[in-house]
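Working notes for the structure below.
By convention in this document, chain letters (A, B, ...) are assigned in the order of the sequence lines, proteins followed by strands, and residues within each chain are numbered from 1.
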Amino acid sequence: MRAIPTLKIGISGVRGVVGDSLTPVLLARFAQAFGTYVGGGRVVIGRDPRTSGEMVWQAVVAGLLSTGCRIVDLGVCPTPTVQLLVRRLEAHGGIAVTASHNPPEWNALKFVGADGLFLSAERGRELLDIYHQGDYVKAEGARMRPVEARPDAVDVHVGAILEALGPLPAARRPLRVVLDACNGAGSTAGPRLLEALGAETIAINATPDGSFPRPAEPAPENLAALCEAVRAHGADAGFAQDMDADRLAVVAETGEPVGEEYTLVLAASHVLATTPGTVVTNLATTHALDAVAARAGCRVVRSKVGEAHVAGAMLRERAVIGGEGNGGVIYPRVNFARDSLVGMALVLHLVAAARRPVSGIVAALPPVHLVKRQVPCPSDRIGAVLARLRREHAGDRVDASDGVKVWTGDGWFLVRPSNTEPIVRLVAEAGSDEAAERLAASVAGRIAGWLDASPAR
Amino acid sequence: MQPLKIGIGGVRGLVGQTFTPELAAGFAQAFATYLDGGRVLVCRDTRPSGPMVTAAVTAGLLAAGCEVVDLGIVPTPTLQLAVPWLDARGGVAVTAGHNPAGWNALKFVRADGLYLNHVQAEELLDVYHQGEFIKATWDRIARAVARRDDVVAHHLEALARAVDVEAVRARRLRVAVDCTNGACAALVPRWLTALGCDVVAINDDLAAPFPHDPEPRPDTMPQAAAVVRASGADIGFVHDADGERLGLVDETGRALSEELTLALAAAIRLERRAGPVVTNVSTTGAIEAIAARHGAPVVRTPVGQAYISEAILEHGAVIGGEGNGGVAVPEVQATHDSAAAIGLLLEHLATSGRPLSALVAELPALVMTKTHVAVAPDVIYSTLGEFRRAVEDERGVEVDTTDGVKIVWPDGWVHVRASNTESMIRIIAEAGSRARAAALADWARDRLRR
């Protein structure tokens with residue numbers, strides 16, 4: 001296998017390793033390209049607290065100012081806060097400086113359009129063309145404008161959520177919640193929201209200093225400290241954010257992680273109970289969501305994987321709720337962004353209304369039996385693998401809009417190429433954990449067999 | 001070709017054309033690599049491109065593993081004093097000094113607070129061109145920029161130590177000052193207040209644009225002159241954007257040539273204590289005449305502050321500076337510092353009890369003309385080379401090639417050199433009369449055009 005690249009420039013932005021490929025000149029050029037793309041207008045920027053954030057932020061500021069942009073700086077804040085403020089301030093775009101769940105040596109620029117959504121593939125391609133052409137707008141030095149700071153951005157965000165959902169209903173005993181912010185961008189915003197909702201809040205890993213107290217991905221295996229704290233405090237729920245606070249995982253009052261796949265299902269069941277409407281999610285997300293929607297007489301629309309695709313489809317479908325199975329909840333009354341703050345508010349409202357513990361609510365939901373695998377596959381063989389899957393499943397129901405998704409007896413599987421590593425990503429869901437495992441193992445085995453039978457040249 | 005000057009004076013260009021964020025970040029990385037990391041102070045003047053350039057410089061310094069301390073908007077000499085005080089390894093001043101608002105520049109300061117000398121500047125340039133910079137990994141990179149807001153107070157303390165503050169306070173001089181809405185607005189009004197002056201400040205708004213070219217010359221000083229007359233001030237001061245050059249208005253409201261700032265400072269200084277005077281080859285010959293009254297030697301250097309600073313230290317000079325209004329008072333620091341020059345002048349006014357015009361009247365009567373010929377950057381040095389060959393055989397003159405070409409006649413001189421900061425050849429001539437000075441300048445201009 002070739003060395004894992006330390007720089008990824010693509011339609012979803014630029015991502016790289018600090019101290020290696022992610023240099024200030026490269027970053028300033030990308031910011032210049034974006035400033036050129038938005039015509040030197042108003043741009044909202046924010047960042048997560050990783051150690052390289054200040055350097056990257058400075059390079060981005062230099063690049064944007066040089067194209068004549070007016071910068072509104074939110075400082076360290078969740079990525080969804082940047083997206084919200086772009087719309088609130090009617091800015092021409094935004095840049096979130098964050099490598100989200102990637103390890104600490106990485107950082108990245110994520111580009112937001114005037115609609116508050118991440119740039120779509122087409123617009124990402126236009127930005128990339130401008131970057132490569134290198135012919136950036138150059139504002140006259142005498143006409144540049146100073147950076148405007150908005151330290152109240154998190155309050156605006158919390159206010160928007162309260163306005164949409166209101167505080168939790170008054171109760172004899174307020175809900176007690178433990179939040180694990182991963183020392184990330186949600187360290188300030190998370191507790192502020194929970195207290196505004198009226199929850200009793202215990203925050204752990206809430207020092208936004210760029211240290212990674214655990215891997216940033218809020219997967220069950222990374223949440224031991226949170227689970228322990230939920231038990232120790234007798235909390236009603238635990239919440240875990242990733243480094244830029246777009247993704248959310250829930251821990252039940254028993255101290256058991258309920259799994260990221262459930263976050264959207266929980267949020268959707270609350271939204272549909274009060275405001276029925278269309279649900280949008282990606283092809284890879286659990287079909288338990290379809291069952292929840294069906295109970296409310298609502299439909300589910302599936303998009304390609306990626307926040308920009310889901311949010312775009314939500315706009316088109318006028319969806320009431322959407323998101324992705326990795327813990328990303330999108331609630332359009334607040335924001336067209338994966339937003340862990342919104343996710344927490346929806347889940348707590350659900351718990352308050354249900355008058356049941358989280359474990360009880362989850363037990364009453366349609367079960368999720370879903371497994372995710374990575375299968376090694378050289379990048380020049382991915383096309384052949386996907387073509388063979390389509391051929392062999394010509395008689396089955398297949399969706400080939402993003403990789404190949406195949407419906408089988410009581411389940412389904414999806415095979416998609418990775419855009420960063422020589423692997424394919426495999427998701428399988430079935431009637432039981434064992435059945436899902438069997439399905440995944442069988443697909444992975446077939447792919448490995450095809451690759452062995454005709455090894456790479 | 002578009003204007004960009006990379007040389008001993010740092011990196012200077014027009015923002016929106018040649019002076020890009022990549023250039024600034026790249027030079028900052030090179031400087032950080034040259035220093036091998038460590039603490040670096042950054043300051044800027046008030047021009048609108050300052051935040052852009054400062055951000056690019058900060059990104060470059062951080063990426064190369066430096067600890068960055070941001071001083072905000074302060075005069076360059078304030079940063080220069082703070083570098084050794086704060087044990088920094090160097091400093092970067094983001095300022096194009098006297099250039100118009102569209103320009104910006106990086107000036108590189110070493111650990112002792114002085115500018116890189118020409119050898120160090122060449123080494124820095126080599127590092128930049130080689131393009132192999134230190135890269136700090138995520139666990140080494142500084143996660144925040146430190147800020148200091150006490151460096152102006154530190155500068156004020158150093159200034160006060162070099163002046164008889166009580167004597168000046170006792171006189172309660174009325175002083176007009178034009179800060180050009182530049183970085184001096186953060187320092188000079190406080191300094192004048194500390195000296196007990198009745199201060200009439202104009203253009204002292206850090207957020208406002210330059211009201212005129214930030215280069216103190218009689219043609220940029222009519223506003224200050226009018227304020228001196230209207231307020232009956234004892235003296236008027238006019239600043240550049242970053243606190244190096246100082247222009248003077250006497251108590252009659254006459255704007256003095258910027259050449260006289262150093263001449264007056266030297267006359268005052270040598271009166272108290274005779275010793276070597278350092279200036280560049282282009283500065284008025286009045287310096288020699290003043291020094292001769294006190295039996296003091298004059299050391300002439302190439303044009304550029306780094307040369308002045310090094311010569312001050314080498315010769316133990318009592319005063320140094322250049323004909324552009326830059327004065328270095330070694331008790332404060334061996335680099336141009338307009339606030340230090342102000343202290344010297346006010347102390348003289350207070351203790352002598354004589355008006356500034358009286359001191360001016362005692363200076364030798366010389367007339368200087370400064371003109372320039374715009375020359376494309378690619379032929380500046382060949383043009384100068386041809387000029388040198390053309391004048392070498394001239395009879396009855398002395399030719400000095402310390403910096404450019406200076407031709408000295410018994411009754412005057414003309415100096416022809418490439419600008420350090422712009423794409424032009426400067427012609428400076430001086431003689432006992434305006435007609436003779438103009439004739440010498442024309443003589444040089446004719447030979448440049450051949």
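- Options A/Pro49, A/Ala142, A/Ser211 differ in how many heavy-atom pairs under 4.5 Å they form with chain B, and the most are formed by A/Ala142.
- Put simply, the side chain of B/Val68 does not reach to within 4.5 Å of the side chain of A/Gln58, judged on heavy atoms.
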Ignoring hydrogens and angles, write down the donor-acceptor pairs under 3.5 Å from the side chains of residues 34-44 of chain A, residues two or more places apart or on other chains.
residue: A/Thr36; atom: OG1; partner: A/Gln32; partner atom: O; Å: 2.7
residue: A/Thr36; atom: OG1; partner: A/Val137; partner atom: N; Å: 3.0
residue: A/Tyr37; atom: OH; partner: A/Glu126; partner atom: OE1; Å: 2.8
residue: A/Arg42; atom: NH1; partner: A/Leu89; partner atom: O; Å: 3.4

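- Contacts between residues 19-31 of chain A and chain B, counted as heavy-atom pairs separated by less than 4.5 Å, involve A/Gly19, A/Asp20, A/Thr23, A/Pro24, A/Val25, A/Ala28, A/Arg29.
- Between B/Arg143 and A/Glu54 the shortest heavy-atom distance is O-CB, 3.5 Å.
- For residues 93-105 of chain A, heavy-atom neighbours of chain B at less than 4.5 Å comprise A/Pro104, A/Glu105, sorted by residue number.
- Among the candidates B/Thr18, B/Thr20, B/Val15, B/Leu14, the single residue satisfying the side chain to side chain contact (heavy atoms under 4.5 Å, CB included) test with A/Lys138 is B/Thr20.
- Among residues 60-69 of chain A, the residues having any heavy atom closer than 4.5 Å to a heavy atom of chain B are, in sequence order, A/Val61, A/Ala62, A/Gly63, A/Leu65, A/Ser66.
- Dense packing is recorded around CD of A/Glu221, with more than 12 heavy atoms of other residues, nucleotides or ligands lying under 6.0 Å away.
- The neighbour count for A/Asp135 CG, taken as heavy atoms of other residues, nucleotides or ligands under 6.0 Å away, does not exceed 12.
- B/Ala142 touches chain A through its backbone: at least one of N, CA, C or O sits under 4.5 Å from a heavy atom, while the side chain does not.
- Put simply, of B/Gly65, B/Ala136, B/Pro100, B/Ala25, the one with the most heavy-atom pairs under 4.5 Å next to chain A is B/Ala136.
- For A/Ala139, the part lying under 4.5 angstrom from a heavy atom of chain B is the backbone only.
- Among A/Ile71, A/Val147, A/Asn107, A/Thr51, the residue making the largest number of heavy-atom pairs under 4.5 Å with chain B is A/Thr51.
- Each of A/Glu140, A/Met144, A/Arg143 has some count of heavy-atom pairs under 4.5 Å with chain B, and the biggest count is that of A/Met144.
- Within the 4.5 angstrom heavy-atom criterion, atoms from both the backbone and the side chain of B/Ala63 approach chain A.
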